[in-house]
Amino acid sequence: MHIDIISVVPELMQSAFAHSIMKRAQEKGLLTVACHNLRDYTTYRHAQVDDYQFGGGAGMVLMPEPLANAIEHLKEQKTFDAIIYMTPDGPTFNQKMANTLSLKKNLLIICGHYKGIDERIRSLYVTHEISIGDYVLSGGELAATVVVDAIGRLIPGVLNDETSALTDSFQDNLLAPAVYTRPKVFQGLEVPEVLLNGDHKKIEQWRAQNALERTQERRPDLLNE
Ligand code: 6GU
């Protein structure tokens, strides 16, 4: 998969993609991420990319021409399966959306900043909009890193143990079961006996039960989806 990201502060994202699983995905050649600075695509003086909004009101808006220049430039090099605008007024991101997007080949993500982007870019170019939750961030960059991480780890071959994404929380509308490691007793609390005796069938049963109980207790809404 290849992901292009357009942003006014690409530096905000670079380190998120340079470590851990995102790093491994790129080293394995399964994922490439290219961050593009919107200021490289403006023809306005002083690398201006934003302006006051028509009609008045607080906050700057990203102008349409630099965004269109950047998008057109990237579209000349590849065909995008989705052009995604990160925005708090989009549909809320979830595991199902991550699963769907992880099967795509080329994604383009547009990060807004300030009050957002000129509405005409949304009309003309954007095919998908994504919010990561009901709160407002200063820009789409942190949200884009969340989305890229969630998608990237689902690309086949990225995770070491291919089954481990299948046992994640949300993968089948269940939260993941509790996990334990050494020592067997910690501050008086013991690891559940069933996990220690090597009976894999019993362990699977315990995990399924624990996942169901946790979901009922913490996120009953998931069970009705
Ligand atoms: Cl995608 N962008 C911004 N600026 N704020 C957000 C968001 C996105 N998702 C939740 N809050």
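FYI, side chains are in, hydrogens and waters are out, and symmetry mates aren't considered; it's all heavy atoms of this structure. All ligand and atom numbering here is 1-based and tracks the order in the structure. This one's a predicted model, so the numbers in the text were calculated from it and none came from an experiment.
- Nearest to atom 2 (N) of ligand 1 among the protein's heavy atoms is P88 CD, 3.5 Å.
- Within the set G139, G133, G140, G90, the minimum heavy-atom distance to atom 10 (C) of ligand 1 is found for G133.
- The aromatic rings of Y41 and H36 stand perpendicular to each other, their planes meeting at an angle above 60°, with 30° marking the opposite boundary.
- Set against the non-hydrogen atoms of I130, the atoms of ligand 1 under 4.0 Å away are 1 (Cl).
- By the 4.5 Å side-chain criterion applied to Ile, Leu, Val, Met, Phe, Trp and Tyr, W206 is assigned to a cluster that also includes Y180, V191, V194, L195, L196, I203.
- Taking only nitrogen or oxygen atoms, main chain and side chain alike, A143 does not reach within less than 3.5 Å of ligand 1.
- Summarising the geometry of M63 relative to D50, their closest heavy-atom pair is CE-N, 3.8 Å, with the distance given to 0.1 Å.
- Contact annotation for D134 and ligand 1: no heavy atom of the residue comes within less than 4.0 Å of the ligand.
- Here NE2 of H113 is found 8.5 Å from CG of L62. Values are rounded to the nearest 0.5 Å.
- Note that CG of L222 is 6.5 Å distant from OG1 of T215, once rounded to the nearest 0.5 Å.
- At a 3.5 angstrom cut-off on N or O pairs, Y135 counts as close to ligand 1.
- The ring pair (Phe, Tyr, Trp, His ring centres under 6.0 Å) check on Y125 picks up nothing, with sequence neighbours excluded.
- The nearest protein atom to atom 5 (N) of ligand 1, hydrogens excluded, is given as L137 N, 3.0 Å; this is a heavy-atom distance.
- The nearest protein atom to atom 9 (N) of ligand 1, hydrogens excluded, is given as I132 N, 2.9 Å; this is a heavy-atom distance.
- Taking only nitrogen or oxygen atoms, main chain and side chain alike, V136 does not reach within less than 3.5 Å of ligand 1.
- The CD1 atom of I110 lies 5.5 Å from the CD1 atom of I117; values are rounded to the nearest 0.5 Å.
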